[in-house]
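These notes are about the structure you will find just below.
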Amino acid sequence: MISYTRNRALKNDRDEQRLFKNRAWVGLFIISMFMLALIGRYIWLQVFAFDSFATRSESNRVAVRPLTPNRGMIYDRRGRVIAENQPAYRLEIVPEKVPGKSEGLESLLDELSSLIDLSEDDRKGFHKSRRNYRIFDSVPVKFNLSEREVARFAVNRHRFQGADVVPYLSRNYRYGELLTHVLGYIGRLDAKDIANVDEGNYRGTRTIGKIGIEQFHEKELHGISGFERVETNARGRVLSVLDRQDAIPGTDLVLSIDVAVQRAAWNALGDRPGSVVAIDPTDGSVIALVSKPAYDPNAFVHGISNKAYQIILKSPGRPLFNRALKGGYEPGSTLKPFVGLAGLDQGLVSPQSRVFSNGKFYIEGYSRAYRDWKDTGHGWVNMESALEQSVNTYFYQLAADMGIDRMHDYLEQFGFGQPTGIDVPGEGKGLLPSREWKRAAHNLPWYPGETVIAGIGQGFNVVTPVQLANAVATLVNGGKRYAPRLLYATKTAGVEKAKRVSAPVVMQVPVQDQADWQTILNGMDKVVNGVRGTARGIAVDAHFRMGGKTGTAQVYQLDANKEYVNSEVAQNLRDHALFIAFAPVDAPRIAVAVVVEHGGAGSSAAAPVARATLDAWLDQELDYKPEQQP
């Protein structure tokens, strides 16, 4: 039998031992490196990064919550509350605390909808607002929850991580549309608002003044936010309050508006669109500022739906438009007292100068006739009787003699063609034409006929109601022109007495001869009290003597040879009716400007509105001191 032996390498114990030692050293080195890294990390965390991680740990246990200041209240000059704060509840969500990110938010909103009525607008508003907040901030979903919704959420609160119902103070406007164009309203903060405010001071604030007094005096009304440091558990529930700095409430405002006068003017306008502005000529305070139609500002406080907004937007009469501040109208004959004063002051006429009115006026060298409102004319008239009867031909001649440039420069002193400076945003400036203006605006020369019609308040002339009322106040107080003020006084929390706010004086119109000014006032007195006065009907049974001036502004241009009859044209093409007034005549305490859109004649449509406004103010005690209220 033959056997075979396989060749094999003999085992080398020395090599195996060397290999084992090498592997052991490599393993030890790796383990040592890991240990050193672990020790180094431990030292870094415990020594070098201790403050940072201690702060993070503390922030997990302690949260800082902003404290929103109570918004300042608003009163009228008699101490009536016109804008107040009422307790309410809102639904809020902290996106960071909602599991599942975007999908989790949608799921949470779906579940909340079973307890709280969330419209599509509410959900869209929430997602839009999220872009203006940080992920750990609380974002409002719905305001002004009903008691039933609050109760249902409270029972099921444990189901909704990241959501909560929070109490807050909701703005309420007691008089609704009556004061909309004075107060404005507050609305939700948006990106534009946040960019223009102190973000730290508005951390817990959800609303801000949007228009009107609420916007103009936002800084005073808002106040200063506070904060509190609270200890929370792992679920975020507050265990205790560690520290607190109270918010400073906003300043209460007392407005010069008198609600009773405001309502009287509003009611006197009836269903007609228009405006009424009343100013105290002794101090520039605004007694009434009416723009009709209007809307209920309470609809905007908690966010208005797109459907509801479209209804307001498309309503007849444009209720969103503030006619008192932005409405532009030809002043018509209400400009005649100022043109007349310019003529007297410049020596072009005297109080006794007479002009024969035969119903027509011709510019020298031209064949076109400029007609009076009375076809047969008024005969011989002087300044007072020309104002009393509103004689166009008298002022045609005066304007032609004066020229547009001198007329512009004189009327500018009364504030025409420029904002009055009233403390409400969005005021228009009207238009006071001049040769220079026309060249710049239209690149055309000025024509003599344009001067003639400018003398009776037609042509390019445009005024706003607040501008016209302030000009009347300046006329009757001897030339002192104020920047009208709605803010009458302020009241700081903890201070019993209100602090009076004065309207600034813009300028003093130079008075060359006091007798000339009195001539104009006498003429306006005769408009109401004279036997031929164009508004003599409104003086019946008055407890005071008033002066005024009627005005009619054409809405569209009529052919030169055609008669114009308001009753024969469509309502929206009829003349605007205007009236300016002041009372009492011997010591004026109120100046009023009224515009009734498409009202026709100023004597029949606008003058009774002015009378109702004057009655409401002068029938009350006039020595009231608002600093005694509220």
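The figures that follow rest on heavy atoms only: side chains count, while hydrogens, waters and symmetry mates do not.
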Atom CG in L614, atom CZ in F582: separation rounded to 0.5 Å?
-> 10.5 Å
Expected output: side-chain E384 to main-chain P351 donor-acceptor under 3.5 Å | no
Cation-aromatic face contact R368/Y366, 6.0 Å, 45 degrees = no
Under 3.5 Å, side chain of N477 to main-chain N/O of T282, donor-acceptor pair present?
-> no
Walk me through it: do L320 and I312 pass the test side-chain contact (heavy atoms from CB on, under 4.5 Å)?
-> CA-CA 7 Å; L320 291 171; I312 296 176; 3.9 Å; yes
Please round to the nearest 0.5 Å and tell me the distance separating atom CG of L387 and atom NZ of K549.
-> 7.0 Å
Go through the steps to decide whether F338 and Y410 satisfy the test ring pair (Phe, Tyr, Trp, His ring centres under 6.0 Å), and finish with yes or no.
-> CA-CA 9 Å; F338 304 95; Y410 193 86; 9.3 Å; no
side-chain hydrogen bond (donor to acceptor under 3.5 Å, both in side chains) between Q518 and N522: does it pass, once the steps are laid out?
-> CA-CA 6 Å; Q518 191 58 50; N522 290 343; 3.0 Å; yes
Centroid-to-centroid, H442 to W437, below 6.0 Å?
-> yes
Apply the test side-chain contact (heavy atoms from CB on, under 4.5 Å) to residues K438 and N443: give CA-CA distance (whole Å), side-chain angles for both, the deciding distance (0.1 Å), then the verdict.
-> CA-CA 7 Å; K438 190 181 180 187; N443 194 27; over 6 Å; no
Calculate, to the nearest 0.5 Å, the distance between atoms CE and CD belonging to M402 and Q397 respectively.
-> 11.0 Å
Can T490 and E220 be said to form a side-chain contact (heavy atoms from CB on, under 4.5 Å), step by step?
-> CA-CA 9 Å; T490 60; E220 297 94 325; over 6 Å; no
Is the shortest distance from a Lys or Arg side-chain nitrogen in R323 or E597 to a carboxylate oxygen in the other one below 4.0 Å?
-> yes
Would you please indicate yes or no on a ring centroid separation below 6.0 angstrom for W373 and H378?
-> yes
Are any side-chain N or O atoms of T613 and backbone N or O atoms of V609, one a donor and one an acceptor, separated by less than 3.5 Å?
-> yes
May I ask you to decide whether D375 forms a salt bridge with R371, counting only side-chain N to carboxylate O separations under 4.0 Å?
-> no
Flag side-chain contact, heavy atom, 4.5 Å: P433 against N461 | yes
Shortest non-hydrogen contact from A503 toward Y482 = O-CD2, 3.5 Å
Could you tell me whether a side-chain N or O of R272 sits under 3.5 Å from a main-chain N or O of L269, the two making a donor and an acceptor?
-> yes
State the OG-OH distance between S353 and Y394, to the nearest 0.5 angstrom.
-> 6.0 Å
All heavy atoms of V466 vs all of I422, minimum pair found to be CG2-CD1, 4.0 Å
So do the side chains of V276 and P465 get within less than 4.5 Å of each other, counting heavy atoms only?
-> no
Nearest 0.5 Å please: distance from the CZ atom of F395 over to the CD1 atom of I456.
-> 10.5 Å
Expected output: side-chain Q389 to main-chain R532 donor-acceptor under 3.5 Å = no
Exercise: identify the closest heavy-atom pair between I404 and A454 = CD1-CB, 4.1 Å
Pair R77 + D258: basic N to acidic O under 4.0 Å = no
Taking Q418 for the side chain and E412 for the main chain, is one N or O donor matched with an acceptor at less than 3.5 Å?
-> yes
Do F300 and Y295 have ring centroids that are under 6.0 Å from one another?
-> yes
Please indicate whether Y309 has more than 12 foreign heavy atoms, meaning atoms of other residues, nucleotides or ligands, lying under 6.0 Å from its OH.
-> no
How far apart are the closest heavy atoms of T464 and L325, and which atoms are they?
-> CG2-O, 3.6 Å
Count the heavy atoms belonging to other residues, nucleotides or ligands that lie under 6.0 Å from CD of Q310, then report whether that count exceeds 12.
-> yes
Would the number of heavy atoms belonging to other residues, nucleotides or ligands and lying under 6.0 Å from CG of D541 be above 12?
-> no
Can you name the closest pair of heavy atoms from D372 and S357 and give their distance?
-> OD2-OG, 3.5 Å
Would a distance-only check, ignoring hydrogens and angles, find a side-chain to backbone donor-acceptor pair under 3.5 Å from D76 to R80?
-> yes
Min side-chain heavy-atom separation F544-D615 under 4.5 Å = yes
Between Y488 (side chain) and V286 (backbone), is there a donor-acceptor pair under 3.5 Å?
-> no
Is there a donor-acceptor pair closer than 3.5 Å between any side-chain N or O of S315 and the backbone N or O of I311?
-> yes
Donor-acceptor under 3.5 Å (D525 side chain, G547 main chain) | no
Should the ring pair Y329 and H576 be called parallel, tilted or perpendicular, given that the plane angle runs from 0 to 90° and is split at 30 and 60?
-> perpendicular
Between atom CZ of R485 and atom CD1 of I279, what is the distance when rounded to the nearest 0.5 Å?
-> 11.5 Å
Among E427, R481, K429, find the one that has a side-chain hydrogen bond (donor to acceptor under 3.5 Å, both in side chains) with T420.
-> E427
